[in-house]
Amino acid sequence: MRYHNFAEVPLYKAFEFIEPGPVILLVTSEDGKPNIMTLSWSVLIDFDPIIGCVLSPGDYSYEILRKTKECVLAIPAADIIEKAVQIGNCSGEDTDKFQKFALSPLKASHVKAPLIKECLVNIECIVTDIIDKYGLFVMEGVKAWIDKDKSEKRTFHANGDGTFVIDGEIKNLKHLMTKWQQFT
Ligand SMILES: Cc1cc2nc3c(=O)[nH]c(=O)nc-3n(C[C@H](O)[C@H](O)[C@H](O)COP(=O)(O)O)c2cc1C
């Protein structure tokens with residue numbers, strides 16, 4: 001059977017077309033020792049906000065998040081894109097990532113995990129559900145911060161193959177959002 005001029009995409013590559021949300025730095029803390037991992041498998045589940053994050057059991061952060069049930073989702077801007085990728089290529093088991101990548105922890109207001117000063121946005125979150133089969137941690141944001149003075153506001157998105165898209169042109173289509181005016 002022929003399908004127009006479509007070539008088949010291997011199924012294992014299909015996620016790459018859905019993945020590009022912002023790359024996130026997920027910060028946990030255990031016994032006063034903070035750690036950071038890079039995460040691009042996230043999904044917005046509700047406006048509150050409720051966010052789903054998929055963590056591999058191989059990540060040092062996995063057990064800590066299971067145990068402490070709280071974290072910070074820090075959204076880096078393009079000025080620290082290399083650091084964000086490197087944070088996702090080493091483990092908190094043997095590395096103090098705040099020190100190694102010269103990042104500054106700031107005390108959060110609702111959770112023990114710290115905010116990251118160098119990030120554009122920090123969202124303090126409490127884990128409400130864990131779906132073990134998928135390593136899916138469902139969490140509720142309880143406090144959110146934005147660095148209003150930061151000049152670099154572009155976030156970036158993982159394609160899943162080691163390449164990244166940095167935000168570009170913003171197109172304002174508010175006039176077409178007639179059903180969703182409360183969000184414009
Ligand atoms: C761009 C990028 C995106 C990543 N996304 C995820 C993800 O969504 N879920 C996950 O479990 N690991 C993801 N990782 C891998 C973890 O960040 C990596 O295993 C890290 O070393 C875990 O740190 P930890 O052992 O200190 O917890 C990603 C890595 C990179 C570089």
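First listed ligand is number 1; within each ligand, the first listed atom is number 1. Computation of the quantities below employed the complete heavy-atom set of this structure, encompassing side-chain atoms and omitting hydrogens, waters and symmetry-equivalent molecules.
Near Leu55, with a cut-off below 4.0 Å to any heavy atom, the atoms of ligand 1 are 11 (O). Here is the list of ligand 1 atoms found below 4.0 Å of a heavy atom in Asn35: 24 (P), 26 (O), 27 (O). For ligand 1, the atoms closer than 4.0 angstrom to any heavy atom of Asn89 are 31 (C). Atoms of ligand 1 lying under 4.0 Å from any heavy atom of Phe164, numbered from 1 in the order shown and given with element: 1 (C). Below 4.0 Å from some heavy atom of Val85 lie the following atoms of ligand 1, by number and element: 31 (C). Taking every non-hydrogen atom of Ser56 and a distance limit under 4.0 Å, the qualifying atoms of ligand 1 come out as 11 (O).
Of the protein's heavy atoms, Val54 O, 2.9 Å lies nearest to atom 9 (N) of ligand 1. Nearest protein heavy-atom neighbour of atom 8 (O) of ligand 1: Trp41 N, 2.8 Å. Shortest contact from atom 3 (C) of ligand 1 to any protein heavy atom: Ser40 OG, 3.3 Å. What sits closest to atom 29 (C) of ligand 1 on the protein, heavy atoms only, is Gly88 O, 3.7 Å. Nearest protein heavy-atom neighbour of atom 27 (O) of ligand 1: Ser61 OG, 2.5 Å. Given atom 25 (O) of ligand 1, the protein heavy atom at minimum distance is Tyr60 N, 2.9 Å. For atom 26 (O) of ligand 1, the closest non-hydrogen atom of the protein is Gly92 N, 2.7 Å. In terms of protein heavy-atom proximity, atom 4 (C) of ligand 1 is nearest to Thr38 O, 3.5 Å.
Ser91 and Tyr60 make their closest contact through OG-CB, 3.6 Å (heavy atoms, listed as atom of the first residue, atom of the second, distance). Considering every non-hydrogen atom in both Ile80 and Glu118, the closest pair reads CD1-O, 4.1 Å. Nearest heavy-atom pair across Lys97 and Met37 is NZ-CA, 4.3 Å. Of all non-hydrogen atoms in His110 and Glu70, the two that sit nearest each other are O-OE1, 4.4 Å. The two residues Thr28 and Pro114 have their closest heavy-atom pair at O-CD, 4.3 Å.
Neither the backbone nor the side chain of Tyr62 comes within contact range of ligand 1; no heavy atom lies under 4.0 Å. Neither the backbone nor the side chain of Val23 has any atom closer than 4.0 Å to an atom of ligand 1 (non-hydrogen atoms only).
For atom 20 (C) of ligand 1, the nearest non-hydrogen atom from the set Gly162, Gly58, Cys90, Ser91 belongs to Cys90. Among Asp59, Leu39, Thr95, the residue whose heavy atom lies nearest to atom 10 (C) of ligand 1 is Asp59.
Using a 4.5 Å cut-off on side-chain heavy atoms (C-beta onward), Leu39 and Val23 make no contact. A 4.5 Å side-chain heavy-atom check between Ile116 and Leu25 finds at least one atom pair inside the cut-off.
Here the rule is side chain to side chain contact (heavy atoms under 4.5 Å, CB included) with Met139, and of Ile45, Ile51, Thr128 only Ile51 fits it.
Below 30°, between 30° and 60°, or above 60°: for Phe164 and Phe156 the angle between ring planes is above 60°, a perpendicular geometry.
At a 4.0 Å cut-off, at least one heavy atom of Lys97 sits close enough to ligand 1 to count as contact.
Of the possible polar contacts, one joining the Asp96 side chain to the Gln99 backbone as a donor-acceptor pair under 3.5 Å is found. Thr163 contributes no side-chain N or O that, together with a main-chain N or O of Asn159, makes up a donor-acceptor pair within less than 3.5 Å.
Counted by atom type alone, Thr155 and Asp167 present one or more donor-acceptor pairs between their side chains at under 3.5 Å.
Considering backbone and side-chain atoms together, Ala84 places no N or O closer than 3.5 Å to any N or O of ligand 1.
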